[in-house]
Each structure stands twice: as structure tokens, then as C-alpha cells.
Amino acid sequence: MESKQSLLAKYEKRDVNVFAQVDFWTAVEPGDCVMVPDHEGDCLTAILPSYELMCGSVVRVLIRKGTSQVGAIRGLKKILRWVEKDSSLVDVGTAEAMPGRLISNYVDSEGKR
């Protein structure tokens with residue numbers, strides 16, 4: 001595993017890139033002040049724009065260590081449905097005019113949270 005110092009040294013040389021950040025959360029507790037879980041206890045959030053020092057690939061998926069294959073697939077499918085339904089998630093240029101925009105509580109096409 002790379003050290004924090006070596007990562008910071010590497011990122012220091014990179015340019016800032018603008019992304020739409022979409023996160024998949026599991027086991028969200030009912031009553032959370034921002035996220036309302038769907039019928040499976042999951043929630044999606046998006047931060048537009050998100051400024052990062054990562055390379056600017058078109059789409060990047062980060063899956064946390066310890067995540068099951070079933071959980072990763074469930075999250076990816078929900079993210080795909082959200083992006084198909086709401087094109088503003090990929091309109092980062094427009095999003096830059098609204099810094100720090102947080103979107104949550106996606107409802108799928110069947111009306112399920």
C-alpha cells in the first residue's frame with residue numbers, strides 16, 4: 001500500500017479535474033438527516049461538481065475493499081438507472097454554476113426509493 005506522503009507528492013503535480021461524484025451507500029439508517037434509504041436500505045447521493053486530483057478518465061468506479069460482488073453490482077445498477085433517468089448528473093459544466101450541489105434520495109422508475 002502506498003503511504004499517505006507518497007500519494008500527496010504524486011497528487012501535488014496533477015491538475016484539478018472536475019467530476020460528477022455519485023456515491024452508493026448501504027445500510028442507511030432511517031431518520032438520517034440527508035439520506036432517506038430506499039426499500040433495500042440503500043441510498044444514492046451525487047455531488048456536483050466535485051473537484052479532484054485524479055486522472056480525468058471518462059468514468060471511474062471505485063469499490064471499497066471488503067465490498068461483496070452482490071453489493072457492488074446492486075450499487076452499479078442503481079447508479080446506472082439514475083444516470084439514465086437524470087442527465088443533469090453528467091452535465092458537470094452546468095453544475096459548476098451551482099457549486100456544492102448535493103442530490104440524494106433517488107427514486108427509481110417504479111417509484112421505489
Side-chain angles (χ1 to χ4, degrees):
M1 177 173 5
E2 282 192 80
S3 72
K4 186 175 182 178
Q5 285 182 324
S6 67
L7 283 172
L8 289 173
K10 181 170 60 174
Y11 289 138
E12 184 177 38
K13 298 172 187 156
R14 293 189 179 172
D15 292 329
V16 174
N17 285 299
V18 183
F19 293 90
Q21 176 181 328
V22 180
D23 294 302
F24 172 66
W25 305 86
T26 60
V28 176
E29 294 293 324
D32 183 288
C33 63
V34 175
M35 298 183 289
V36 176
D38 67 11
H39 64 285
E40 295 179 296
D42 303 327
C43 187
L44 295 174
T45 59
I47 298 173
L48 302 169
S50 177
Y51 299 95
E52 304 292 340
L53 297 172
M54 294 185 295
C55 296
S57 57
V58 176
V59 174
R60 174 175 286 176
V61 177
L62 302 173
I63 299 173
R64 185 186 299 193
K65 181 180 177 181
T67 302
S68 70
Q69 181 183 24
V70 169
I73 291 169
R74 187 174 78 236
L76 290 168
K77 285 180 178 179
K78 289 181 181 191
I79 291 169
L80 174 63
R81 285 193 302 264
W82 195 10
V83 172
E84 287 176 333
K85 182 178 179 180
D86 185 353
S87 65
S88 73
L89 289 174
V90 296
D91 188 3
V92 179
T94 300
E96 286 187 279
M98 301 176 283
R101 186 173 134 207
L102 172 68
I103 306 169
S104 68
N105 305 331
Y106 166 70
V107 178
D108 71 18
S109 60
E110 297 173 5
K112 295 179 182 176
R113 284 198 161 282

Return all side-chain donor-acceptor pairs below 3.5 angstrom for residues 18-28, not counting sequence neighbours, or 'none' if the list is empty.
from: Q21; atom 1: OE1; to: S50; atom 2: OG; distance (Å): 3.1
from: Q21; atom 1: NE2; to: D23; atom 2: OD2; distance (Å): 2.7
from: W25; atom 1: NE1; to: T45; atom 2: OG1; distance (Å): 2.9

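Put simply, the side chain of L53 does not reach to within 4.5 Å of the side chain of N17, judged on heavy atoms.
Nearest heavy-atom pair across T67 and A72 is CG2-N, 3.9 Å.
Residues Y51 and Y11 share a single hydrophobic cluster, defined by chaining ILVMFWY side chains whose heavy atoms lie under 4.5 Å apart.
The CG atom of L7 sits 10.0 Å away from atom NZ of K4, with the distance rounded to the nearest 0.5 Å. Rounded to the nearest 0.5 angstrom, E52 CD and R60 CZ are separated by 10.0 Å. Note that CD1 of I73 is 13.0 Å distant from CG of L80, once rounded to the nearest 0.5 Å.
Other residues, nucleotides and ligands place more than 12 heavy atoms under 6.0 Å from the CD atom of E2.
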